[in-house]
Enquirer: 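Here's a structure for you.
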2 protein chains.
Amino acid sequence: MAIAKKVGRPKKFDRDTALMSAVNVFWLKGFEGASMADLTEAMGVNPPSLYAEFGDKLNLYRLAIDRYASNDACSPLVAFESEPDIEKAVRAFMNEVVIYSTKHESGAKGCFLSSSVATSAGAIEGVQELLKKAIESTDKRLAKRFDSAKADGSLAKDFPSLERARLMFDLRQGLVFRARASCSAKSLKADLDQRVTMILRDT
Amino acid sequence: MAIAKKVGRPKKFDRDTALMSAVNVFWLKGFEGASMADLTEAMGVNPPSLYAEFGDKLNLYRLAIDRYASNDACSPLVAFESEPDIEKAVRAFMNEVVIYSTKHESGAKGCFLSSSVATSAGAIEGVQELLKKAIESTDKRLAKRFDSAKADGSLAKDFPSLERARLMFDLRQGLVFRARASCSAKSLKADLDQRVTMILRDT
DNA sequence: ATATTTATTTATCAAACGCTACAAAATAGT
DNA sequence: ACTATTTTGTAGCGTTTGATAAATAAATAT
């Protein structure tokens with residue numbers, strides 16, 4: 001029933017595509033830095049349609065954060081989860097982080113949450129909570145992969161999954177911050193080997 | 001000759017104090033999120049005086065970034081540099097990062113550069129460069145302390161100072177990001193011991 | 001065909017924004 | 001005391017901003 005025909009003039013835009021365009025604008029310019037004119041243009045949605053579909057600017061922002069944070073297809077996470085060998089998986093994750101934060105198709109550097117949304121956590125209602133949830137959820141998602149590796153014997157039974165998940169995620173923030181400051185992908189990969197070892201080292 | 005009396009009505013504000021107040025406002029609200037009304041009020045400087053002293057909003061922002069980035073008194077760095085024992089120094093650094101990013105007197109969470117300036121690096125001329133310089137300078141400042149420890153024999157001669165400096169700084173970004181999302185200081189200290197070990201481990 | 005529904009388009013609105021003119025006030029030099 | 005110099009305080013300038021009213025267009029239902 002997803003494509004059930006409705007009465008009335010059809011929408012000219014796809015909701016999810018438009019929302020992702022909004023993410024890109026907010027990512028590049030921040031909440032206050034992104035004007036409604038920027039958004040309507042990038043999304044291909046006129047102001048009245050935008051307000052009817054997404055509510056006001058703040059609500060659109062929250063929806064954009066939610067859309068981005070709950071993206072199962074986040075490439076570093078997918079790389080980490082889909083590679084069977086745990087060492088290669090960790091390496092693939094870090095590698096994808098570098099690619100993602102330096103060469104995103106939208107042109108925006110870094111990560112939407114850590115390079116852009118973080119700012120608004122200081123002043124905009126509800127953003128802190130969204131960020132916190134996203135962090136906890138990512139920690140858990142990373143830890144789950146370590147748990148799988150423990151289950152199949154690739155990692156020791158006492159491997160501290162959650163601690164190393166947090167470590168991996170924190171290292172990621174460092175890379176992403178450097179990427180936002182336009183450090184080169186090459187420089188970000190300098191310490192990759194050592195960090196993979198570090199993340200997987202026995203206790 | 002610093003306090004040489006000048007002709008004309010004296011200024012009502014101290015330049016550096018006002019600049020630090022501007023840092024706090026930008027830290028909390030971001031560049032576009034901070035209005036000139038917010039700034040003039042927090043700084044205790046009327047608009048005409050502000051423009052005469054600091055130029056326009058963008059110039060004030062650049063000055064604020066520079067003031068913050070070149071602060072020799074940054075408490076985590078000072079803690080790291082002043083503690084003679086290298087292990088205690090690393091621990092003190094991480095500990096101060098947690099305190100600094102969760103309990104700053106201004107009420108702002110995180111770090112001005114990584115939680116706030118990073119956003120504007122996407123759209124505001126010159127900010128990327130300022131950020132990159134601040135990162136490189138901090139990497140080097142941290143590495144210097146490791147070099148001292150190598151010189152006095154506390155660390156092995158082949159200890160990779162710069163690599164571990166980058167590691168320490170990247171881990172810091174992770175903590176700071178969590179702090180901005182209002183994670184508790186206690187939760188940020190959970191992995192402190194393991195991370196100190198990690199940073200100092202022999203190659 | 002006509003009515004009903006929904007979305008689009010265009011043109012704006014009031015409010016907030018960054019910024020500045022202007023006159024009063026406070027200092028030092030003579 | 002008077003002049004020159006500099007900063008302050010107030011008020012308001014022209015834009016830009018987030019958001020909307022009204023008319024038009026495109027679909028389905030009967």
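A, B, ... follow the sequence lines: proteins, then strands. Residue 1 opens every chain.
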Enquirer: Quick one: list whatever passes ring pair (Phe, Tyr, Trp, His ring centres under 6.0 Å) with A/Phe54, sequence neighbours left out.
Expert: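 Once residues adjacent in sequence are excluded, A/Phe54 has no partner under the ring pair (Phe, Tyr, Trp, His ring centres under 6.0 Å) criterion.
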Enquirer: Write down the atom of A/Asp72, the atom of A/Val78, and the distance for their closest heavy-atom approach.
Expert: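 A/Asp72 and A/Val78 have their closest heavy atoms at O-CG2, 3.5 Å.
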Enquirer: Write down the distance between CG (B/Leu50) and P (D/dG9), rounded to a whole number of angstrom.
Expert: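 Those two atoms, CG and P, are 13 Å apart.
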Enquirer: Could you state the CZ-P distance from B/Phe13 to D/dT6, rounded to the nearest angstrom?
Expert: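 Value for this atom pair: 15 Å.
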Enquirer: Partners of A/Lys103 by side chain to side chain contact (heavy atoms under 4.5 Å, CB included), sequence neighbours excluded?
Expert: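 Residues passing side chain to side chain contact (heavy atoms under 4.5 Å, CB included) with A/Lys103: A/Ala185.
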Enquirer: Between P on C/dT20 and CG on B/Asn59, what's the gap in Å once rounded to a whole number?
Expert: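 It works out to 12 Å between those atoms.
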Enquirer: Using the test side chain to side chain contact (heavy atoms under 4.5 Å, CB included), find all partners of B/Asp158 that sit at least two apart in sequence or belong to another chain.
Expert: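 Partners of B/Asp158 by the side chain to side chain contact (heavy atoms under 4.5 Å, CB included) criterion, ordered by chain and then number, come out as B/Ala156, B/Thr203.
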Enquirer: Rounding to a whole Å, what distance do you find between B/Phe54:CZ and C/dG18:P?
Expert: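 So the CZ-P distance, B/Phe54 to C/dG18, works out to 16 Å.
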Enquirer: Specify the residues of residues 16-28 of chain B, ordered by number, for which at least one heavy atom lies under 4.0 angstrom from an atom of DNA chain D.
Expert: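 Heavy-atom contacts with DNA chain D come from no residue of residues 16-28 of chain B; none.
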Enquirer: Side chain to side chain contact (heavy atoms under 4.5 Å, CB included) with B/Glu32: which residues, sequence neighbours excluded?
Expert: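 Residues passing side chain to side chain contact (heavy atoms under 4.5 Å, CB included) with B/Glu32: A/Glu32, B/Ile124.
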Enquirer: Figure out the CE/P separation between A/Met43 and C/dA7, and round it to whole Å.
Expert: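 One finds 15 Å between P of C/dA7 and CE of A/Met43, rounded.
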Enquirer: Scan nucleotides 24-30 of chain C nucleotide by nucleotide, 5' to 3', and note B when protein non-hydrogen atoms come under 4.0 Å of the base, S if they reach only the sugar-phosphate, - if neither.
Expert: -BBBS--
Enquirer: For the side chain of A/Tyr51, counting heavy atoms from C-beta on, which of D/dT20, C/dC19, D/dT8 is nearest?
Expert: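 Looking only at heavy atoms from C-beta outward on A/Tyr51, the closest nucleotide is D/dT20.
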Enquirer: Pairs in or reaching into residues 18-29 of chain B: which pass side-chain hydrogen bond (donor to acceptor under 3.5 Å, both in side chains), with residues at least two apart or in two chains?
Expert: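 Every pair satisfying side-chain hydrogen bond (donor to acceptor under 3.5 Å, both in side chains) with a residue in residues 18-29 of chain B: B/Lys29-B/Asp38.
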Enquirer: At under 4.0 Å, does any side-chain N or O of A/Lys12 touch on OP1 or OP2 of D/dA26?
Expert: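 No, outside the criterion.
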Enquirer: Look at A/Lys11 and C/dA7 and indicate whether a side-chain polar atom (N or O) is within less than 4.0 Å of OP1 or OP2.
Expert: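 So the side-chain polar atoms of A/Lys11 do come within 4.0 Å of the phosphate oxygens OP1 or OP2 of C/dA7, strictly under.
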Enquirer: With a 6.0 Å cut-off (strictly less than), is the heavy-atom count around NZ of A/Lys150, excluding the residue itself, greater than 12?
Expert: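 More than 12 heavy atoms, drawn from other residues, nucleotides or ligands, come within 6.0 Å of this atom.
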Enquirer: How would you list, by chain and number, every residue that makes a side chain to side chain donor-acceptor pair (under 3.5 Å) with A/Thr40, sequence neighbours excluded?
Expert: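 Not a single residue meets the side chain to side chain donor-acceptor pair (under 3.5 Å) criterion with A/Thr40.
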Enquirer: Separation of A/Glu41 atom CD from D/dG18 atom P, in whole Å?
Expert: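 About 14 Å, once rounded to whole Å.
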Enquirer: Between protein and nucleotides 10-17 of chain D, map the contacts as a letter string: B base, S sugar-phosphate only, - none, heavy atoms under 4.0 Å, written 5' to 3'.
Expert: B------S
Enquirer: Going by the side-chain hydrogen bond (donor to acceptor under 3.5 Å, both in side chains) test, which pairs reach into residues 115-125 of chain A, not counting sequence neighbours?
Expert: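 For residues 115-125 of chain A, and leaving out neighbouring residues, the side-chain hydrogen bond (donor to acceptor under 3.5 Å, both in side chains) pairs sorted by first residue read A/Tyr61-A/Ser120, A/Thr119-B/Thr119.
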Enquirer: Take the protein atom CZ of B/Phe31 and the nucleotide atom P of C/dC17, then report the distance between them rounded to whole Å.
Expert: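 Computing the B/Phe31:CZ to C/dC17:P distance gives 13 Å.
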Enquirer: Under the ring pair (Phe, Tyr, Trp, His ring centres under 6.0 Å) rule, what pairs show up with a residue in residues 160-188 of chain B, not counting sequence neighbours?
Expert: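 For residues 160-188 of chain B: none.
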Enquirer: Sequence neighbours excluded, which residues qualify as ring pair (Phe, Tyr, Trp, His ring centres under 6.0 Å) partners of A/Phe159?
Expert: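 Listed in chain order: A/Phe146.
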